[in-house]
Amino acid sequence: MIDLRSDTVTKPSAEMRQAMAQAEVGDDVFGDDPTVNRLQEQVAELLGKPASLFVPSGTMANLVSILSHTHPGDEVIMEKESHTFNYEVGGACAIAGVQLHPLIGVRGILEVEQIAAAIRSQNVHHPQTKLICLENTHNRGSGAIFPLDKIKAIRELALQHNIKTHLDGARLFNACVATGIPAREYAMYFDSLMFCFSKGLAAPVGSIVAGDEAFIEKAHRFRKMLGGGMRQVGILAAAAQYALDHNIARLQEDHQNARILGTELALIPGFEVDSQSIETNIVVFDVTKTGFSPAKVVEKLAAKGVLMVPFGATLVRAVTSLAVTKNDVLKAIAIIRDLFD
Ligand SMILES: *Cc1c(COP(=O)(O)O)cnc(C)c1O
């Protein structure tokens, strides 16, 4: 099987498993796990934030962040195709009690003017805008990188209105590797940010959220409330540490493979790919002209051992990762050509 469904399908390598097996552990609810503590200190340093907190998932990282920055009835601005608005089970609404204010972006990228127009005025009728969430890279935006100048402008606006900013950086290091901009530079413009170890960094479990001490103290309480207090979790923190030490620079290979995949797909009749849109490891393409639905295209590919996911009414998504080599990508293209050309 050539698994292009997601960068979450990566499996821990023998070396990563070795690091997990050898991890020094303790009860992290007592703050006693040295491997977790080391990881949290190192990530805080890496992101230029005072503190960080290891959490079980990206969904929990975003939820504890929203909980920590808001009160029920507050409003949170985010992009309409964002992960939090679409794929986090409405937790921000159900659990944090906030109202989400989605804005329509271009490949997930919002303009500062749009956000300015969406900020609520001080009026007794309105909810209060308390938080702006951005996503970098943007999953439904086919891995789009949020331009730094736009982030800076949005941060300026947020400061003027006393609004907090949070970054869903599930794939932050894909943006860093593609642009050369260090993670701590992106982090400067956010009160809090998170990234996932379980996507392209290829650890089996875990995400981390960073911010100032007061924010992390709140996030820590909310993590416990949500059932995210973990005990000898150093075995997972060791996998995360291994991922940080070994799997960041290699994301470049995933980006190269995505570019090869996109370029070759574009040459197959019926497959429409905007090759300009391939900035990182996600390739989204339109299959309308094949005469088949995305679900049918995906089914035909799966029967030949190539896995992708339908991504809306006309689109299919393929994601490159440590789980697929350049050779796998070339094989997948040969199979697709065989089926559709
Ligand atoms: C995967 C993902 C998340 C959530 O991570 P989980 O660990 O699956 O809960 C959040 N944001 C984005 C952009 C993601 O791609």
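Counting starts at 1 for both ligands and their atoms, following the listed order. When reading the values below, keep in mind they use all heavy atoms of this one structure, side chains included, and skip hydrogens, waters and symmetry mates. Residues take their numbers from the sequence shown, with the count starting at 1.
A donor-acceptor contact shorter than 3.5 Å links the side chain of R317 to the backbone of R5.
Applying the ring-ring contact (aromatic ring centres under 6.0 Å, His included) test to pairs two or more places apart or on separate chains, those with a residue in residues 274-324 are F271-F285.
Summarising the hydrophobic clusters (Ile, Leu, Val, Met, Phe, Trp, Tyr; side-chain heavy atoms under 4.5 Å, direct or chained), the residues clustered with V64 are L53, V55, M60, L63, L67, I95, M194, V209, F215, I216, F222, M225, L226. Chaining together hydrophobic side chains whose heavy atoms lie under 4.5 Å apart leaves L267 on its own.
At a cut-off of 3.5 Å, with distance as the only test, no side-chain donor of H166 or D191 sits close to an acceptor on the other residue.
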Short N or O separations between ligand 1 and the protein, below 3.5 Å:
unit_1	atom_1	unit_2	atom_2	d
ligand 1	5 (O)	G58	N	3.4
ligand 1	7 (O)	G58	N	2.8
ligand 1	9 (O)	G58	N	3.4
ligand 1	9 (O)	T59	N	2.8
ligand 1	9 (O)	T59	OG1	2.6
ligand 1	11 (N)	D168	OD1	3.0
ligand 1	11 (N)	D168	OD2	2.6
ligand 1	15 (O)	R171	NH1	2.9
ligand 1	15 (O)	K199	NZ	2.8

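No side-chain heavy atom of H101 sits less than 4.5 Å from a side-chain heavy atom of T129.
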